[in-house]
Number of protein chains: 2
Amino acid sequence: MKATSYSRPELIALLRRHGVAPTHQRLEIAHVLFGRCEHLAADQILTLVNERHAETSKATVYNTLNLFRDRGLIREVIVDPKRVFYDPNTQPHHHLYNIDTGEITDIGAEVLAVSGLPELPPGMVTEGVDIIVRIRAL
Amino acid sequence: MKATSYSRPELIALLRRHGVAPTHQRLEIAHVLFGRCEHLAADQILTLVNERHAETSKATVYNTLNLFRDRGLIREVIVDPKRVFYDPNTQPHHHLYNIDTGEITDIGAEVLAVSGLPELPPGMVTEGVDIIVRIRAL
DNA sequence: CCAAAGATTGGACTTTGTCTAATTCCGGAA
DNA sequence: TTCCGGAATTAGACAAAGTCCAATCTTTGG
């Protein structure tokens, strides 16, 4: 969870490196995602991006998040049936989910280890292993 | 994953044991959930329950699933952002999720071990640890 | 600088799930 | 058995997240 905020040219390079054309709206969204290091939902991103001047539509936010996800720039975090969160950290890691507040925190994959993963049927591959530790106030 | 189909009196006893009044509709829903051993979504349950005669409303299906979940009769499985699945198996276990087909399979908790769970902030307790192994055809 | 390819847009639409007020059901007491 | 009050069910309106579409606007390679 680095606090580094990318500069505009860095963001452009980042998108290009993933084969994404750096349009104005995409840069705004990337800025929001990579600027802070939180787990944000689409509606939060829509709000943040349009804080100063309304300049990005709902459709574009959804299009862009799906594009970023497909191109491996961000990861989806599915812990809340109500909305998907997006995680700018694409390193292997897991999540701590506070079911009272909705807060999501990363747990590095180095810390958490799983053993005993079953063998897969032939022709099947593991796409990823997600561990969600659900916690709450006592 | 036992194939045992509960008899009607057994279902009634099961509900009563969990403090749930055994109404006609609740028994129908319990029958669908515990009869087959699949992971079903609310809309599938609604369809199955009304296959012969329409007799249970959408509202009741949702009410009942939430009630069963709160009373510990079933568990929610959150793997697909589009819909929640309900799992009649309340033993500790994890899931294999086929992202192509949407198929969900259980993995016994005995098989899978996690090490390195972080210490929680004081006053926090772990509600549960969910592991989802996402797989797909090569 | 121009045209084609690609991106963005508002708004309608879909889907999952919740809410509400009115009705119906159920179980216990007499 | 009948009656009563609380609990359960219901239709349908509603809400929120996300998708789709056809029209418009940008971007970019040549």
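Below, chains carry the letters A, B, ... as their sequence lines are ordered, and counting in each starts from 1.
- The shortest distance between side-chain heavy atoms of A:I132 and B:I132 falls below 4.5 Å.
- Nucleic acid contact for A:K82: sugar-phosphate only, since backbone atoms but no base atoms lie under 4.0 Å from a heavy atom of the residue.
- Toward the 5' end of DNA chain D, the nearer of the two residues B:E55 and B:P81, judged by each one's closest nucleotide, is B:E55.
- Rounded to a whole Å, the CZ atom of B:R26 is 11 Å from the P atom of D:dA7.
- Here the closest non-hydrogen pair linking B:P92 and B:R75 is CA-NH1, 4.1 Å.
- Side-chain atoms of A:L15 and A:R26, non-hydrogen and from C-beta on, do get closer than 4.5 Å to each other.
- Comparing C:dT16, D:dG18, C:dT9 by their nearest atom to the side chain of A:K58 picks out D:dG18.
- Summarising the geometry of B:N98 relative to B:D100, their closest heavy-atom pair is OD1-N, 2.8 Å, with the distance given to 0.1 Å.
- Checking D:dT28, C:dG11, D:dT19 against the side-chain heavy atoms of A:Y62 singles out D:dT19 as nearest.
- Here A:T60 lies in heavy-atom contact (under 4.0 Å) with a base.
- Counting to the nearest Å, the P atom of C:dT16 and the CD1 atom of B:I45 are 13 Å from each other.
- Nearest heavy atoms, A:V49 versus A:E55: O-OE2, 3.8 Å.
- The shortest distance between the side-chain N/O atoms of A:T23 and the OP1/OP2 oxygens of D:dT27 is not below 4.0 Å.
- Side-chain proximity of A:R83 to the nucleotides D:dG18, C:dT9, D:dT28 is greatest for D:dG18.
- Spacing between atom CG of A:L46 and atom P of D:dG18 amounts to 11 Å, rounded to whole angstrom units.
- For B:N63, counting side-chain heavy atoms from C-beta on, the closest listed nucleotide (C:dT9, D:dA17, D:dT9) is D:dT9.
- Contacts of B:A42 with the nucleic acid, taken as non-hydrogen atoms under 4.0 Å apart, involve only primed sugar atoms and P, OP1 or OP2.
- A:N66 comes within 4.0 angstrom of the backbone, heavy atoms only, and of no base.
- Atom pair A:R71:CZ and C:dA7:C1' shows a separation of 13 Å (rounding to whole Å applied).
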